[in-house]
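Structure, as structure tokens:
For clarity, every value in this text was computed on a predicted model and none was experimentally measured.
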Amino acid sequence: FCTEYRIVFHCWQIETGVLRISAHTGYQHTGYQHTGQLQLWQGDQGYIFCQRQIQIQKYKTLCCYKMGTSLSTVWDGEQTSWAIPHKLNCIQELQNTQIRLLDNFKTKLMLCFNNESKHGLKYEHWWVSDGKWILEFGGGNILDNKVLVHCNPRENFIIDCEFDMTQEVKERMKKVCGASNYSLALRNCEHVARYIRYGSWLCFQMVGDGLLKGLFFDHMGMHTKVINTFPAELKPPTDQKKLTLYDPKSVNARVNWEIYKEALQEADNAAYNIVILGPTGSGKSTLINNFFNLTVCKTGGSAESVTRQVMFHEGSYRTFRKNNDTGEHYEQSQVNVIDTIGFCDSLLSASDVLEAIKSSVKINLAKIDKVVIVCAGRIEGPHVQAIRQFMTWLQFSKYKENFVLVYNKSDLLSEQQKMENLLTMCSKFGVPMMNTYHSVENGRNLAIHMNLALGFPSNAPYEEVKKDHVSLVDAMTVPVMKRIPVDKTRCIIL
């Protein structure tokens, strides 16, 4: 190195002439400084070694850039954007002006992108257009981006999909107008464009092996939990009135809902963690409502997923314990239920949804106790492929007892039809049909079935659904011998 460079490592910074070792925990830096001659040289497999009266260390390089260049400025600005509140910070005057311009858009819209290379960064730039008018988060000035509405010509781009300008789409466009708080990792052009199209705050360049994830993720510390989550202004309301489904006097209330959570913390790994997974329209939200006996999830029967972001529900449940000293008793334990985006709806592809779910699970969880796979109606090939990929990622072959299969919406089926459909579901996912857990409670030997055909019609009296309700709660909360470790290093679809 004949000039001054900064080399950014996964957890370390080194400058020629100055050795600065900083432990990155958010924005609290502690470390050691040494001035003087520093020897750096290239090692095998892109590793850098450093030596100066200290123990030889080995680090894997993330990127290398010259001090004072535009990339250095971008990096510093991006780190600052993580530390400030996760908000759009819409400029009111600009927002009002842009909202008036939205009336110029035609009824047919396109989700578009092209490949950009600016400030030493390569990334995809996304926007929404009707062929003339464009809404985008910035036009390439990464250092000072704002949402722009304009009719400047655009060439050499790719149309990802076409869609209609519905009233819902227009309302989402209004909400992002005037946004100014840009972040390549947390609030970028793809987030805004996909939010307008889908209603989800998603950037696939920040999941899997995405370009931006490879650049920023390992430096973000606690801020990784904000990736692909709604900014404050776009968060769905969580204070709507929640209704009890069944008379609490009739229900053996073993599970209580407590709060929504935006993300899980380290302490949540000690809780009992349940992930709900399945195609759009299979009734995942209905099962969660029945599990808590409370309308904590919005439900719907359309071809589009009601759940647009991964949601976290914290509650408590009563478990039966047998102690040689105190005898039989019940204990209250914390439970987290993770409601995921529906696979294979009419908007998002199965592979896109899979990567979004995996990314959120990896960021928020280290241990999973139960995976509940929900299907209803015809089980399509893309559903099977996406879910089996998720099962492979969570090492189903080693943790079969941690998986529950539910063939839902079976209330109008005969017992024979229920068993046939459940058998088909088990066969497609490679799960043994007779998957049971044997429990001893109050002196009785109980067989708890882990593969279920259930149905919870709206407004049904509890006596009509009691058997299915008890079976659901039992299967979801029965203790497991081993917890599923979440492999945070495997980032691609297997």
Could you state the interatomic distance from [atom1] ([X]) to [atom2] ([Y]), rounded to the nearest 0.5 Å?
X: L405; Y: C426; atom1: CG; atom2: SG; value: 5.0 Å
X: I368; Y: L394; atom1: CD1; atom2: CG; value: 5.0 Å
X: T229; Y: K225; atom1: OG1; atom2: NZ; value: 11.0 Å
X: Y407; Y: T424; atom1: OH; atom2: OG1; value: 8.0 Å
X: K122; Y: L212; atom1: NZ; atom2: CG; value: 13.5 Å
X: H469; Y: N290; atom1: NE2; atom2: CG; value: 5.5 Å

For the backbone of [Y] and the side chain of [X], can you confirm whether one donor and one acceptor N or O come within less than 3.5 Å of each other?
X: S427; Y: L423; value: no
X: K482; Y: E401; value: no
X: D160; Y: C112; value: no
X: T244; Y: Y246; value: no
X: N402; Y: K370; value: no
X: D411; Y: L454; value: no
X: D369; Y: N273; value: yes
X: Y272; Y: M476; value: yes
X: S410; Y: K418; value: no
X: N289; Y: V296; value: yes

Discussion item. Can you tell me how the ring of Y260 sits relative to the ring of H313, calling it parallel under 30°, perpendicular over 60° and tilted otherwise?
Written reply: tilted

Worksheet entry | Aromatic ring pairing Y195/F230, orientation class (parallel under 30°, perpendicular over 60°, tilted between) | perpendicular

Is there a side-chain contact between [X] and [Y] in this structure, where contact means two heavy atoms from C-beta onward sitting under 4.5 Å apart?
X: S471; Y: H449; answer: no
X: L287; Y: V406; answer: yes
X: M173; Y: L135; answer: yes
X: R197; Y: V169; answer: no
X: Y399; Y: V480; answer: no
X: V176; Y: E233; answer: no
X: F312; Y: D339; answer: no
X: E190; Y: Q205; answer: yes

Item to complete: Let me see the working for V255 and N293 under side chain to side chain contact (heavy atoms under 4.5 Å, CB included), right down to the final yes or no.
Response: CA-CA 8 Å; V255 184; N293 189 29; over 6 Å; no

Could you verify whether a donor N or O on one side chain and an acceptor N or O on the other, from [X] and [Y], lie under 3.5 Å apart?
X: N115; Y: Y123; result: no
X: S316; Y: E258; result: yes
X: H86; Y: N181; result: no

Do [X] and [Y] form a cation-pi contact, if we require the NZ or CZ to be under 6.0 Å from the six-membered ring centre and within 45 degrees of the ring's axis?
X: K108; Y: F163; answer: no
X: K466; Y: Y462; answer: no
X: R194; Y: W126; answer: yes

I need the minimum non-hydrogen distance between [X] and [Y], along with the two atoms involved.
X: W82; Y: L186; answer: CD1-CD1, 3.9 Å
X: S282; Y: P279; answer: OG-O, 2.8 Å
X: Q334; Y: Y317; answer: O-CE2, 3.9 Å
X: L422; Y: N451; answer: CD2-O, 3.5 Å
X: N435; Y: K400; answer: ND2-O, 4.0 Å
X: H191; Y: C203; answer: NE2-CB, 3.3 Å

Discussion item. Run the side-chain hydrogen bond (donor to acceptor under 3.5 Å, both in side chains) test on S183 and E78 for me, step by step, so that the C-alpha distance in whole Å, both residues' side-chain angles and the decisive distance to 0.1 Å come before the verdict.
Written reply: CA-CA 6 Å; S183 166; E78 184 63 21; 2.9 Å; yes

Charged N to carboxylate O below 4.0 Å: is that the case for [X] and [Y]?
X: K106; Y: D164; answer: no
X: E136; Y: R154; answer: yes
X: R378; Y: E380; answer: yes
X: K261; Y: D268; answer: yes

Worksheet item: Given the rule in the side chain to side chain contact (heavy atoms under 4.5 Å, CB included) test, do K367 and V486 qualify, once you have shown the distances and angles that lead to the verdict?
Response: CA-CA 6 Å; K367 300 288 185 180; V486 177; over 6 Å; no

Practice prompt. Report the C-alpha distance between Y182 and R187 in whole Å, list the side-chain angles of each, state the deciding distance to 0.1 Å, and finish with yes or no for side chain to side chain contact (heavy atoms under 4.5 Å, CB included).
Written response: CA-CA 5 Å; Y182 185 84; R187 301 170 294 275; 5.9 Å; no

Worksheet item: Is atom NZ of K428 surrounded by more than 12 heavy atoms (other residues, nucleotides or ligands) closer than 6.0 Å?
Response: no

Practice prompt. Before giving the answer on side-chain hydrogen bond (donor to acceptor under 3.5 Å, both in side chains), spell out for H125 and N188 the whole-Å C-alpha distance, their side-chain angles and the decisive distance to 0.1 Å.
Written response: CA-CA 9 Å; H125 180 67; N188 65 35; over 6 Å; no

Worksheet entry | D218 vs K213, salt bridge (Lys or Arg N to Asp or Glu O under 4.0 Å): CA-CA, chis, key distance, verdict | CA-CA 8 Å; D218 290 325; K213 181 184 177 186; over 6 Å; no

Item to complete: Check step by step if ring pair (Phe, Tyr, Trp, His ring centres under 6.0 Å) holds for W127 and F137.
Response: CA-CA 7 Å; W127 65 91; F137 203 168; over 10 Å; no

Worksheet item: Given F292 and L245, is the side chain to side chain contact (heavy atoms under 4.5 Å, CB included) satisfied, shown in steps?
Response: CA-CA 9 Å; F292 287 115; L245 295 178; over 6 Å; no

